[in-house]
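Since the model is a prediction, treat every value here as computed from it, not as a measurement. Chain A is the first sequence line, chain B the second, and so forth, proteins listed ahead of strands; every chain is numbered from 1.
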There are 2 protein chains.
Amino acid sequence: MNRTAQHLVSHNIKPSAQRIAIMKYLMEHPTHPSVDKIYCDLLPDMPTLSRTTVYNTLRVLEENDALITLNIDSKNVRYDGNVMPHAHFMCRSCGKIYDTALPEGILKEIPGMETFQIDAIKLYYKGLCQECQEKENNNKE
Amino acid sequence: MNRTAQHLVSHNIKPSAQRIAIMKYLMEHPTHPSVDKIYCDLLPDMPTLSRTTVYNTLRVLEENDALITLNIDSKNVRYDGNVMPHAHFMCRSCGKIYDTALPEGILKEIPGMETFQIDAIKLYYKGLCQECQEKENNNKE
DNA sequence: TACAATGTTGTAATGATTACATATATGATT
DNA sequence: AATCATATATGTAATCATTACAACATTGTA
């Protein structure tokens with residue numbers, strides 16, 4: 001059993017060829033891909049793959065905490081195989097999503113709302129990455 | 001000109017009957033409603049209102065910073081007329097969305113990513129509100 | 001009143017996601 | 001290995017939120 005299959009088993013997911021391929025893709029592509037990106041990129045090496053299978057598999061992976069879903073892009077749900085707590089920055093110009101650090105003190109509790117039980121935290125930043133800031137500045141000149 | 005119309009003008013939005021009604025609804029209902037909730041609730045008093053108008057108006061309001069959009073609920077976009085910086089908590093049992101405080105230190109910059117220009121921050125918590133925690137505990141007994 | 005610009009409406013199209021029925025693969029038992 | 005039950009994968013069709021677009025209405029101005 002390969003490394004990716006072991007990873008799935010450690011999350012209580014029965015490995016299948018499709019599940020391994022999708023999990024492997026997510027681990028090798030920390031680009032926060034959409035369903036369609038995953039499907040289209042895997043199709044050449046897996047011609048029988050179905051879009052439905054991608055949806056089903058991503059749901060199984062999420063339910064077993066093998067990935068997290070991002071709703072930072074209003075157009076598409078994005079998927080992230082990195083389940084360590086972290087935040088995300090999306091550039092409104094180039095659309096790229098970057099992993100960023102989660103500021104200290106966020107994980108504990110909500111100030112004034114200590115009675116809430118927190119299961120998950122999503123922190124999304126939107127703005128301009130350095131590259132796109134420079135492009136905007138160049139266009140002004 | 002009434003208070004809501006003035007509010008729109010202060011955001012550089014030309015007031016119309018529909019825009020005033022939608023803005024007023026958002027200010028009087030800090031419940032983070034969906035498009036459909038807004039549409040259905042306003043329809044009795046505004047029988048000619050169109051769903052498209054609600055979509056159009058919400059976009060205009062957002063573009064002029066008169067509201068913020070929430071992608072905390074994967075099923076529906078939610079709208080919030082409170083544009084002061086704050087975070088949100090959504091209960092996975094009852095579905096209610098609560099306004100919460102934004103922890104100190106978040107607004108400044110991302111640790112290790114100081115070159116990013118941050119325009120907006122969304123902080124979403126998910127978990128169980130106190131009421132639903134108690135319900136779950138009662139069911140166990 | 002006439003005119004131009006802006007806002008509203010309804011219908012139809014789009015596109016992501018889900019439901020569902022069928023087919024395939026897996027694993028255990030004989 | 002053959003059988004069987006269960007789990008997984010596939011393809012099509014349906015759903016539902018959102019957008020595109022064209023026709024209509026309103027507003028403000030001359």
Closer than 4.0 Å, any side-chain N/O of [X] to the OP1 or OP2 of [N]?
{"X": "A:S16", "N": "D:dT8", "value": "no"}
{"X": "A:K75", "N": "D:dT19", "value": "yes"}
{"X": "A:Q18", "N": "D:dT10", "value": "yes"}

Selected nucleotide, minimal atom distance to [X] side chain, candidates [options]:
{"X": "A:Y55", "options": "D:dA9, C:dA16, C:dT8", "value": "C:dA16"}
{"X": "B:V35", "options": "C:dT9, D:dT18, D:dT10", "value": "D:dT18"}
{"X": "B:S50", "options": "D:dG11, C:dG7, C:dG10", "value": "C:dG10"}
{"X": "B:V77", "options": "D:dT18, D:dA7, D:dT10", "value": "D:dT18"}
{"X": "B:N76", "options": "D:dT10, D:dA17, C:dG7", "value": "D:dA17"}

Nucleotide C:dG15, atom P - distance to CZ of A:R51 in whole Å: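 Rounding to the nearest Å, CZ of A:R51 and P of C:dG15 are 12 Å apart.
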Euclidean distance, atom CZ of residue B:R19 to atom P of D:dT26 [Å, nearest integer]: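 Distance, rounded to whole Å: 15 Å.
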Residue met sooner reading DNA chain C from 5', once B:T57 and A:R59 are mapped to nucleotides: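 That would be B:T57.
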5' priority, DNA chain C, between B:K14 and B:T48 [closest heavy atom]: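 Mapping each residue to its closest nucleotide by heavy atoms, the 5'-most match is B:K14.
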Sugar-phosphate, base or nothing in reach of A:N56, heavy atoms under 4.0 Å: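 Here A:N56 touches the bases of the nucleic acid.
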Taking atom types as modelled and ignoring hydrogens, do the side chains of [X] and [Y] form a donor-acceptor contact shorter than 3.5 angstrom?
{"X": "B:H29", "Y": "B:D41", "answer": "no"}
{"X": "B:H88", "Y": "B:D80", "answer": "yes"}
{"X": "A:N64", "Y": "A:E62", "answer": "no"}

Ring centre gap for A:Y39 and A:Y55 strictly below 6.0 Å: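 That pair fails the under 6.0 Å test.
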Side-chain-base donor-acceptor pair under 3.5 Å for B:T52 and C:dG10: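 Such a pair exists between side chain and base.
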